[in-house]
Protein chains: 2
Amino acid sequence: MTEKEQRKATIYDLSVKSGASASTVSAVLNGTWRKRRISEETANRIILLAQEHKYTANQQARALRSSRSGLAGLLLPIYDTRFFSTMAQTFEAQARKRGLMPVVVAGRRDPEEERRTVESLVAYSIDLLFIAGATDPDGVHKVCARANLPHINIDLPGKLASSVISDNRQGAKALTLAIIRHAQQAGPLTADDVYMFGGRDDHASRERIIGFHAAKAEIFGTCLGDDMESTGYSPSITALAFERFYERHGLLPRCFFINSSVNFEGLLRFMSKHDGEVFGDIVVGCFDYDPFGSFLPFPVYMIRPNISEMLEKGFELLDSAEDAPRIVLIEPQLVLPRTALEGPLDELKDSVTSV
Amino acid sequence: MTEKEQRKATIYDLSVKSGASASTVSAVLNGTWRKRRISEETANRIILLAQEHKYTANQQARALRSSRSGLAGLLLPIYDTRFFSTMAQTFEAQARKRGLMPVVVAGRRDPEEERRTVESLVAYSIDLLFIAGATDPDGVHKVCARANLPHINIDLPGKLASSVISDNRQGAKALTLAIIRHAQQAGPLTADDVYMFGGRDDHASRERIIGFHAAKAEIFGTCLGDDMESTGYSPSITALAFERFYERHGLLPRCFFINSSVNFEGLLRFMSKHDGEVFGDIVVGCFDYDPFGSFLPFPVYMIRPNISEMLEKGFELLDSAEDAPRIVLIEPQLVLPRTALEGPLDELKDSVTSV
DNA sequence: CTAGGTTGCACAATCGATGGTGCACGCACA
DNA sequence: TGTGCGTGCACCATCGATTGTGCAACCTAG
């Protein structure tokens, strides 16, 4: 009420000022007061008082007592990729919509660090965890299981908990078909002209490779050749892979599939080292979406995973609290070259102060 | 010890198993045991026991008692911009290095939402807060002050708390000079050929405008013309601004300055609506860095704020706990076209499982 | 042999919210 | 007048860790 109250108000402060007991105040302010047969009059009085004093419950105390913290965790490998930062943004919005406080953390693609990170989330008694692209989902699962923490895999599946992932196989096939057809417009194409860079031994990469080969088979017939460079999720290693290819062949493949935007950055690094050189009519497909990537000086087809639907589904699965691990596939979107899609940014009401 | 302990171990469990009191266990495990004159032998015994049981302290309880939660907050306007996602990534690393748990939240450029968001962080008793690009830094400041929460502004200054920001004026001037010089290589240029898009009435935009005009003045002499479109931080409004300019002039400016990557996306949207049309030899400067943006089919000069140094300095300021608000300027970096800089990603040890 | 100091730890209050339980009061009914 | 029930609330233990304080037991010096 007065401008200067030094400490944050507690239910005890409100108890004194209202004449009611602390438990009554607590019940009123957490909504259980009808169940506890508090009169509407008392409730209103306390609610008003709470507003005057800008009371907000101490979440630590609440969590300690009720062992529900109101925290919702999202474990990411990294942040600074369009895919993961959009996921963080979307997760934040959806968690808040559910009255949860989002806590986003990064495991940096290191199984040990992932586990430690989740351990520390557990120490904060988070209520649920989304595991997005963990290197070792099942290792993380064990930590969650020990702590009795509801959790779900997003984007990369685990065997021990339910997962919501993109349909990597279909997406990769559609992407590969798209770049092949585009490249064919510039002249005949052989299977050797169609290459893949990036990926490693995880579920997403394996599925994409299957889709990639399925598309090639559909166009060229079965062909098992040397048509891939597995580079992990490292820009610099990907750049080296392009470098090697370039040294061997004197040019880049006419048409290639890049496994993620992180690997795509490797192509940029390669190109900046060869500035001035022209790379002919390459056609690129990238299993990821980035608006700037879509406008590069060569045709770039991209795949945008449906992040918002994946998260939505994830929350649903957690709510339904099924026991048997399920895998839900979400269809990603093929994005044509030079396309600037709308994103979470567009939902902001941004005021323009001068025009 | 045994595989199946259903609940997480507490100091009381360890107290029973070790024969020591709970307070002794607590002191041993939080490092204050020397001060409490616990014998090294007892300490070791308890530490061993804790490891066996994978004990980790309940942070809620610790926070409740000591009113230090170990949480470090970062308030962002949004996530999915290279600038802010890199900031999140860097903040996370630096907070962890200091033994804090990073909590990143987004205020969505809405003063009201910013305040509510910080209120809820306060409810979790966070120990410190970085405010990055708040729309209303001083409004947020008041919330922090009421809660006695140490905080600091990053990237956009406030009047009431210390701030660490980029040198927007110098950066904008360098950027403007760079694009003008580049454009001059293609033929003579007048002041009217040099335009600015984006920004609104905040400190960063104002400083950048000053730098922009300073550079123009240096090249063309003083000239106060109609050379700006203020569009806020909205891609769609920026796209409209380009559209309007294009309708009036039949082309884009030879040379223009875009206030941020969010506005840059507006240019992409404009371009995707005019696909096939060629926009001549435009030269673009963007006050933000995005690796894909750097490789677009026209020269793009970019400015990369030194995020890691800003955060580092921010932590230092918080540690030094000065009272008078200070403003620290950090020099940003001019990035030439077609440059793929390394980022936090490169610090990850990514294993390649197959080559 | 005792006063005084040190060592090594236990005890108990406390942080703020929650929720089970108990109890006084009022009213209706027999 | 006594019994029974519904209403409206207060009391108190509890969550797990922290921390000020107290106190045996032992040692040392005089």
Side-chain angles (χ1 to χ4, degrees), chain A residues 5-46 50 53-71 120 122-125 127 147-148, chain B residues 5-46 50 53-71 120 122-125 127 147-148:
Chain A
E5 306 164 34
Q6 211 40 316
R7 297 261 30 87
K8 282 204 60 181
T10 71
I11 51 170
Y12 298 100
D13 303 333
L14 298 184
S15 159
V16 170
K17 306 224 180 202
S18 70
S21 75
S23 63
T24 298
V25 173
S26 169
V28 166
L29 294 174
N30 69 29
T32 60
W33 55 279
R34 289 185 188 285
K35 212 167 56 193
R36 293 177 82 79
R37 297 184 320 217
I38 309 292
S39 73
E40 192 137 3
E41 194 198 313
T42 308
N44 286 333
R45 192 159 35 89
I46 291 175
H53 290 269
K54 294 183 193 295
Y55 168 85
T56 52
N58 180 321
Q59 296 296 329
Q60 318 284 353
R62 178 206 288 269
L64 178 57
R65 181 58 229 256
S66 62
S67 58
R68 292 196 54 257
S69 64
L71 296 171
S120 60
V122 166
Y124 283 99
S125 326
D127 293 339
N148 226 325
Chain B
E5 305 164 34
Q6 210 41 316
R7 299 258 31 86
K8 282 202 62 181
T10 72
I11 51 170
Y12 297 99
D13 302 333
L14 297 185
S15 158
V16 171
K17 306 223 181 204
S18 71
S21 76
S23 63
T24 298
V25 174
S26 169
V28 167
L29 295 174
N30 69 27
T32 60
W33 54 279
R34 287 183 191 287
K35 210 168 58 194
R36 293 178 82 80
R37 296 185 320 217
I38 310 291
S39 73
E40 192 138 1
E41 192 198 313
T42 308
N44 286 333
R45 191 159 36 90
I46 292 175
H53 289 270
K54 294 183 193 292
Y55 169 85
T56 54
N58 180 321
Q59 296 295 330
Q60 319 283 353
R62 176 206 291 267
L64 177 58
R65 180 57 231 258
S66 62
S67 59
R68 293 195 52 257
S69 63
L71 296 171
S120 60
V122 166
Y124 282 98
S125 323
D127 294 340
N148 226 324

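All chains are named by letter (A, B, ...) in the order of the sequence lines, taking the proteins before the strands, and each is independently numbered beginning at 1.
- Side-chain atoms of H53(A) and D13(A), non-hydrogen and from C-beta on, never get closer than 4.5 Å to each other.
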Which atom pairs link the protein and nucleotides 19-28 of chain D when you take only N or O atoms and keep those under 3.5 Å?
residue, atom, partner, partner atom, Å
dG20(D), O6, R36(B), NH2, 2.3

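- The residue among E40(B) and A61(B) whose nearest nucleotide of DNA chain C is located toward the 5' end is E40(B).
- Note: CG (L14(A)) to P (dA10(D)) measures 13 Å, nearest angstrom.
- Distance, R45(A) CZ to dC9(D) C1': 11 Å, rounded to whole Å.
- If you measure from atom CG of L64(A) to atom P of dG16(C), you get 12 Å, rounded to the nearest angstrom.
- Put simply, the side chain of T56(A) does not reach to within 4.5 Å of the side chain of V122(B), judged on heavy atoms.
- Between Y55(A) and dA17(C) there is a side-chain polar atom (N or O) within less than 4.0 angstrom of OP1 or OP2.
- For I38(B) and dT6(C), the CD1 to P distance is 18 Å, given to the nearest whole Å.
- Put simply, CD on Q60(B) is 15 Å from C1' on dT18(D), counting in whole angstrom units.
- In this structure, CD1 of I11(A) is placed 7 Å from P of dT18(C), rounded to the nearest angstrom.
- Residue S39(B) places none of its side-chain N or O atoms closer than 4.0 Å to OP1 or OP2 of dT7(C).
- Residue contacts shown for A63(B) are absent, as no nucleic acid heavy atom lies under 4.0 Å away.
- Residue K35(B) contributes atom NZ, which lies 17 Å from atom P of dG8(C) at whole-angstrom precision.
- Between the OH atom of Y124(A) and the P atom of dA17(D) there is a distance of 13 Å, given to the nearest Å.
- A distance-only check finds a donor-acceptor pair linking the side chain of Q60(A) to the backbone of Y124(B) [under 3.5 Å].
- A pairwise comparison of heavy atoms in A50(A) and L29(A) identifies CB-CD2, 3.7 Å as the closest pair.
- With hydrogens and angles ignored, the 3.5 Å screen pairs no side-chain donor or acceptor of T32(B) with any backbone N or O of K35(B).
- Contact annotation: T42(B) side-chain N/O to dG8(C) OP1/OP2 distance is not under 4.0 Å.
- Checking A43(B) against N58(A), the closest nucleotide of DNA chain C that is more toward the 5' end is the one next to A43(B).
- Panel note: side chain S69(A), backbone S125(A); a donor-acceptor pair is recorded below 3.5 Å.
- Within the model, atoms CD of Q59(B) and CG of L64(B) stand 12.5 Å from one another, a figure rounded to the nearest 0.5 Å.
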